[in-house]
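Following: one structure in structure tokens, then a few remarks.
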Amino acid sequence: MKLAISKAELIIILGSLTALAPLSIDMYLPAFTSLERLFTTDTGHVQLTLSSFFVAFSAGQLIYGPLADRYGRKVVLYAGLSIYVVTSLWCTFATTINELIILRFFQALGASASVVIARAVVSDLYTARDAAGIYSAMMLVMGAAPMLAPLMGGYLMEWFGLDAIFEALALFGGLALLLVHYRLQESHGADPQIPLTPHTILSRYLSLLKNRHFIGYTLAGGLSMASLFAYIASSPFILIDHFGIEVENFGWFFSTNAMGFILFGQLNGWALKYKTPLQIISVAIIVQLTISLILMLQSWMSGELFSVLVPLFFQIGLLGFLVPNMTALGMAHFKANAGVASALMGSTQFLIAGIVSMIVSAIHSNAPETLAVTMLACTVGAFLIFQFMCHHVASRETLIPTTKNSV
């Protein structure tokens with residue numbers, strides 16, 4: 001399919017859509033203390049504004065997937081982004097913490113459409129190998145979100161007040177909506193032949209759950225992403241409370257690892273010129289397993305700041321090799337149901353990562369050993385699933401060079 005826009009513009013648009021969630025999660029992290037004071041509440045209730053976002057973001061993807069296959073990609077994006085913009089602005093009018101918890105729930109419902117459609121569009125247009133390269137390139141855009149969001153949120157709150165954070169999110173969502181309307185081409189038009197009865201939708205999801213290829217890459221990718229979520233959940237306690245990093249400098253340390261994720265993602269795009277996604281995963285996951293062991297040993301034996309930060313950088317950075325390729329291979333055989341496949345993959349992976357992050361938060365430990373053990377467990381799980389459920393699958397599409405997609 002020949003697109004009316006360049007590949008670079010497509011990557012920017014899809015990367016921006018995927019960045020909505022990390023922006024919505026990370027940008028308001030510096031405001032937690034202010035929210036406690038503003039609504040005269042406790043930390044637990046403030047954290048529920050984050051938990052409600054996680055729940056809705058995971059569940060919302062399952063709703064948008066079938067709708068995107070039935071009505072097309074763009075109309076679903078219009079609906080989701082509109083909900084996101086309205087609720088982001090509405091957050092500025094919240095008068096109680098319970099109102100904000102509910103509004104964050106609906107904000108996430110809107111944002112969940114963007115990530116489902118972004119993956120589906122890539123699957124519509126590209127084969128597995130080319131798709132992995134597109135996902136890697138998208139990391140330049142979506143990877144910058146967790147790197148810059150805490151810094152942006154902190155400065156916006158300092159200069160303009162708490163409401164400016166949600167106003168900025170609404171503005172970003174509005175710009176994404178304009179890009180979708182004027183620049184994004186429809187990659188999968190409406191299909192009236194696809195029924196939307198509960199029985200049919202459930203059957204389509206169940207067929208994916210029975211597919212060893214799909215569920216293997218989904219679970220392995222989810223456990224890999226869980227490492228990143230565990231880091232996000234515990235990094236403030238480890239860096240600030242344990243290592244004594246100044247609060248105003250936290251964003252810079254946090255951003256360094258996000259930068260590694262972006263860097264390795266771009267290296268993955270280069271590696272795909274010479275190796276298949278399957279070959280890259282096979283090497284990267286073993287390297288990550290080794291790094292996880294080093295991180296755990298360094299945490300227990302040394303415990304010095306940089307002896308932990310260095311392996312942590314590589315542990316998270318290697319996700320730049322794993323996540324794009326696992327996503328591309330998992331989606332490769334479901335082009336006819338790309339919306340449903342994207343929804344189930346994203347929802348499952350986000351659920352796994354969210355559960356791990358909640359466990360880490362519940363432990364409430366500021367010791368780097370806790371994070372190191374969690375990351376090792378996630379990496380071992382991803383490695384075993386890949387070896388026994390994915391590695392033996394060597395489809396013709398993943399092993400041979402693919403023709404260049406017309407863009």
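A donor-acceptor contact shorter than 3.5 Å links the side chain of T92 to the backbone of L89. Checking side-chain atoms of S52 against main-chain N and O of I102 turns up no donor-acceptor pair under 3.5 Å. Judged purely by atom type and a 3.5 angstrom limit, Y205 uses its side chain to pair as donor or acceptor with the backbone of L62. Checked by atom type and distance alone, the side chain of K74 pairs as donor or acceptor with a backbone atom of L184 at under 3.5 Å. No side-chain donor-acceptor contact under 3.5 Å links T276 to the backbone of L272. At distances below 3.5 Å, not a single donor-acceptor pair connects side-chain atoms of S123 with backbone N or O atoms of R119.
Pairs passing the side chain to side chain donor-acceptor pair (under 3.5 Å) check and including a residue from residues 260-269, sequence neighbours excluded, read S136-N268, N268-N325. Counting only residues at least two apart or on different chains, the salt bridge (charged side-chain N to carboxylate O under 4.0 Å, His left out) pairs with a member in residues 52-71 are D69-R73, D69-R204.
In this view, Y84 and S24 satisfy the side-chain hydrogen bond (donor to acceptor under 3.5 Å, both in side chains) rule, not counting sequence neighbours. Evaluation of the side chain to side chain contact (heavy atoms under 4.5 Å, CB included) rule for A341 yields L208, F214, M331, F334 as partners, not counting sequence neighbours. Partners of L297 under the side chain to side chain contact (heavy atoms under 4.5 Å, CB included) rule, at least two apart in sequence or in another chain, are M301. Listed by chain and number, the residues in a side-chain hydrogen bond (donor to acceptor under 3.5 Å, both in side chains) with T200 are T197 (sequence neighbours excluded). Under the ring pair (Phe, Tyr, Trp, His ring centres under 6.0 Å) criterion, Y78 pairs with H181, sequence neighbours left out. Under the side chain to side chain contact (heavy atoms under 4.5 Å, CB included) criterion, T348 pairs with T218, L219, L344, I352, sequence neighbours left out. Qualifying side-chain hydrogen bond (donor to acceptor under 3.5 Å, both in side chains) partners for E9, counting only residues two or more places apart in sequence or in other chains: R183. S292 meets the side-chain hydrogen bond (donor to acceptor under 3.5 Å, both in side chains) test with Q315, T379; sequence neighbours excluded. With sequence neighbours excluded, the residues forming a side chain to side chain contact (heavy atoms under 4.5 Å, CB included) with A108 are F53, A56, F57, listed by chain and number.
With a 4.5 Å cut-off on side-chain heavy atoms, L156 and L162 do not count as touching. Using a 4.5 Å cut-off on side-chain heavy atoms (C-beta onward), L179 and L175 make no contact. Between L309 and L305 there is a side-chain heavy-atom pair separated by less than 4.5 Å.
Counted within 6.0 Å of CZ on F106, heavy atoms from surrounding residues, nucleotides or ligands total 12 or fewer; the atom is thus considered open.
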Please list, one pair per line, the donor and acceptor atoms closer than 3.5 Å that link side chains of residues 220-229 to other protein atoms, with sequence neighbours excluded.
unit_1, atom_1, unit_2, atom_2, d
S224, OG, A220, O, 3.0

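Between the side chains of Q107 and S88, at least one donor N or O sits under 3.5 Å from an acceptor N or O.
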